[in-house]
Amino acid sequence: MPGGTGNFSMLKGSLVGWRSLLSSLTVSYSIPALRKARRQEQLVSKRLLREESTAAEGGQDGAEIVPDPLSEDEVLELLKGVQRGSDDRKRSLSQLRLALQNQETQQKFVRLDGSIPTLIGLFTSRLADVQMEAARCLHELSHSSDPMVAEACLPVTSYLLTYLSGHSVEFTELCLYTLGNLVVESEAVRKRLLPQGIIPVLASCIQSPHDAVLEGLGYVLSQLLQAKEAPAEIIPLVLGSALPQHMLRLVCSGLKSGTGAAVEFAWSLHYMVCSHTADAALLSLGAVPALTSLLLDLAAEIQDAPEGLELIVCPVLRCLGNLLAGETGCEAQIQDERLLIALFLIMEHFLQEHPFIVQEGLWLLNNLTDEPFFCSALLSLDLLPALLQLLRCSQMATVLAAADFVGQGGCWALERHRSSPALQERAQALLDMVGQPAGASAFAPSHTTLPAFS
């Protein structure tokens with residue numbers, strides 16, 4: 001393997017050979033574009049599905065224009081319009097749906113006697129167009145940031161669950177996102193849904209062949225698993241179902257099908273791992289070798305990867321890093337130096353545009369190198385120059401356990417690079433750290449778990 005050069009432009013020469021190696025040892029897949037690119041922070045927020053025609057009405061360049069609030073009399077008139085049972089009921093529902101995009105109007109609507117029962121009656125209608133329009137009204141209400149509005153929707157939860165086995169993919173998707181919005185807002189909603197059987201229903205839906213349904217289902221799960229009561233009340237139910245094995249399968253098939261669902265389920269797995277209640281079950285399903293194999297595939301395809309790939313890379317790195325942090329000895333399952341190569345390829349690829357991925361990769365590397373095998377491989381593959389460059393993206397310096405680092409020739413490797421203008425400052429700093437007394441060194445052995453919500 002060629003020697004390190006101290007900067008990424010020259011290091012790429014050796015990376016080309018690694019890419020060839022990975023490509024020959026892993027299966028190549030084409031990755032379809034994400035249905036909708038999402039930032040990490042959106043994974044813990046509400047989602048809103050609207051028709052393209054409605055979005056286009058928002059104004060220039062698709063900018064959303066929230067309608068003005070209606071008076072109580074105007075809201076009452078809309079409610080009467082949908083109660084009349086006339087031929088233009090669908091038109092009245094469409095007008096109501098647009099009005100409910102305003103939070104003040106939402107609050108006025110749910111306070112009216114009979115408003116939610118009326119919507120539920122139309123939501124359970126046998127007329128498909130009326131049913132769909134009523135579902136869109138409920139979806140607008142679910143997007144409210146007012147907990148009172150979410151709790152007003154409590155009576156609809158059992159119907160939403162029933163219709164997850166509906167006839168229409170679009171309708172099922174709408175029901176899923178409505179559920180996901182409601183569960184994140186209100187503990188009362190979650191406590192209603194659990195005895196109603198939301199986990200068994202989701203376990204049944206997860207075998208759907210439709211990507212849109214799977215992505216919506218993953219959204220609901222990710223919302224549920226972030227709840228404060230999830231470790232005690234929700235995760236045990238999930239572990240007792242068939243969901244975990246299918247979640248892992250869908251995460252690892254993200255290169256073969258739509259990555260939207262893979263992103264949602266990867267974050268769901270991350271929240272389970274962070275609960276410290278699911279490690280044994282996930283390890284028994286082969287989570288560590290499966291996620292390792294996925295990282296190898298991602299690295300092999302990374303040059304042709306679509307925009308938004310960082311959205312799945314981030315939770316996968318966290319899942320694997322936190323599983324390794326559990327003191328389970330599972331590092332022995334993945335003693336493969338290709339994992340280090342893949343990790344450095346991924347960090348190099350995202351260094352400029354998404355440096356937060358480098359931070360995530362370094363956390364994983366921190367936990368990997370507690371194992372002497374990976375500590376030795378880091379040095380034998382001459383990855384130390386690349387590591388020194390990457391450390392500038394992180395305030396963290398706990399990359400190795402000091403004793404293993406010294407025992408594997410780490411000081412000698414650092415000394416080699418102390419004369420390099422590009423690396424000498426970092427190399428000297430790390431040499432100083434290694435030379436510090438035990439307990440004071442930033443290289444003290446450290447298995448680190450990333451938090452669920454950072």
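In this text the structure is predicted, and so the values were computed from the model without any measurement.
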Exercise. Given side chains that start at C-beta, do those of L193 and L182 come closer than 4.5 Å, heavy atoms only?
Worked result: no
Exercise. When you look at T105 and L78, which way does the side chain to side chain contact (heavy atoms under 4.5 Å, CB included) test go after all the steps?
Worked result: CA-CA 11 Å; T105 302; L78 279 177; 5.8 Å; no
For this session: For the pair L320 and N367, evaluate side chain to side chain contact (heavy atoms under 4.5 Å, CB included) and give the outcome as yes or no after the intermediate values.
Result: CA-CA 9 Å; L320 189 54; N367 290 349; over 6 Å; no
Exercise. Between Q303 and H349, is any pair of side-chain heavy atoms under 4.5 Å apart?
Worked result: yes
Exercise. Are any non-hydrogen side-chain atoms of R47 and H143 less than 4.5 angstrom apart?
Worked result: no
Exercise. For the atom pair CD (Q226) and CD1 (I234), what is the distance rounded to the nearest 0.5 Å?
Worked result: 10.5 Å
Exercise. Can you check whether P315 reaches L269 side chain to side chain, under 4.5 Å on heavy atoms?
Worked result: no
Exercise. Do F265 and Y219 have their ring centres less than 6.0 Å from each other?
Worked result: no
Exercise. Could you state the interatomic distance from OG1 (T157) to NZ (K191), rounded to the nearest 0.5 Å?
Worked result: 14.5 Å
Exercise. Heavy-atom distance under 4.5 Å between the side chains of L176 and L202, does that happen here?
Worked result: yes
Problem set entry | Centroid-centroid distance, F356 to F350, less than 6.0 Å | no
For this session: Could you go through the side-chain hydrogen bond (donor to acceptor under 3.5 Å, both in side chains) check for H139 and R136 one step at a time?
Result: CA-CA 5 Å; H139 183 63; R136 291 184 179 126; over 6 Å; no
For this session: Just do the salt bridge (charged side-chain N to carboxylate O under 4.0 Å, His left out) check on K228 and E187 with the steps written out, would you?
Result: CA-CA 9 Å; K228 64 179 186 291; E187 184 176 358; 2.8 Å; yes
Seminar exercise, completed: Interatomic distance, CG@L294 vs OG@S253, rounded to 0.5 Å, equals 9.0 Å
Problem set entry | Result of checking M148, Q106, E72 against R111 for side chain to side chain contact (heavy atoms under 4.5 Å, CB included) | M148
Exercise. Should E151 and R192 count as an ion pair when the cut-off is N to O under 4.0 Å?
Worked result: no
For this session: For residues L224 and I199, determine if any side-chain heavy atom of one lies less than 4.5 Å from a side-chain heavy atom of the other.
Result: yes
Problem set entry | Check: P67 main-chain N/O paired with N102 side-chain donor or acceptor under 3.5 Å | yes
Exercise. S94 versus E133: any side-chain heavy-atom pair under 4.5 Å?
Worked result: yes
Problem set entry | Residues forming a side-chain contact (heavy atoms from CB on, under 4.5 Å) with S125, sequence neighbours excluded | L127, V130
Problem set entry | Single hit among L368, L362, L295 for side chain to side chain contact (heavy atoms under 4.5 Å, CB included) with L343 | L368
Exercise. Is the closest basic N to carboxylate O distance between E140 and R50 below 4.0 Å?
Worked result: yes
Exercise. Is it true that a side-chain atom of K108 and a backbone atom of L70 form a donor plus acceptor pair closer than 3.5 Å?
Worked result: yes
For this session: Kindly compute the distance separating CD (Q131) from OG (S168), expressed to the nearest 0.5 Å.
Result: 9.0 Å
Exercise. Rounded to the nearest 0.5 Å, how far does CZ of R318 lie from OH of Y271?
Worked result: 8.5 Å
Problem set entry | Lys/Arg-Asp/Glu bridge criterion (N-O < 4.0 Å) met for E233, R190 | no
Problem set entry | CA sep, side-chain torsions, deciding dist, call: L282, L248, side chain to side chain contact (heavy atoms under 4.5 Å, CB included) | CA-CA 9 Å; L282 293 176; L248 189 60; 6.0 Å; no
Problem set entry | Pairwise distance CD1(I206) to CG(L221) - rounded to 0.5 angstrom | 6.5 Å
Seminar exercise, completed: Smallest heavy-atom separation, A266 atom then V251 atom, equals N-CG2, 3.4 Å
Exercise. Within a strict 4.5 Å, meaning less than it, do heavy atoms of the V358 and I346 side chains meet?
Worked result: no
For this session: For C137, check side-chain contact (heavy atoms from CB on, under 4.5 Å) against everything at least two apart and list the hits.
Result: L93, L96, R97, L100, L119
Exercise. Judged by atom type as modelled, is there a donor-acceptor pair below 3.5 Å linking the side chain of S165 to the main-chain atoms of T162?
Worked result: yes
Exercise. Out of T124, I120, T118, which residue meets the side chain to side chain contact (heavy atoms under 4.5 Å, CB included) rule with L122?
Worked result: T118
Exercise. Which is it for Y177 and E215 under the side chain to side chain contact (heavy atoms under 4.5 Å, CB included) test, yes or no, and what are the steps along the way?
Worked result: CA-CA 10 Å; Y177 282 96; E215 186 172 353; 3.7 Å; yes
Problem set entry | salt_bridge(E74, K80) N-O dist < 4.0 Å | no
Problem set entry | Nearest atoms (heavy-atom pairs only) where V149 meets L141 | CG1-O, 3.5 Å
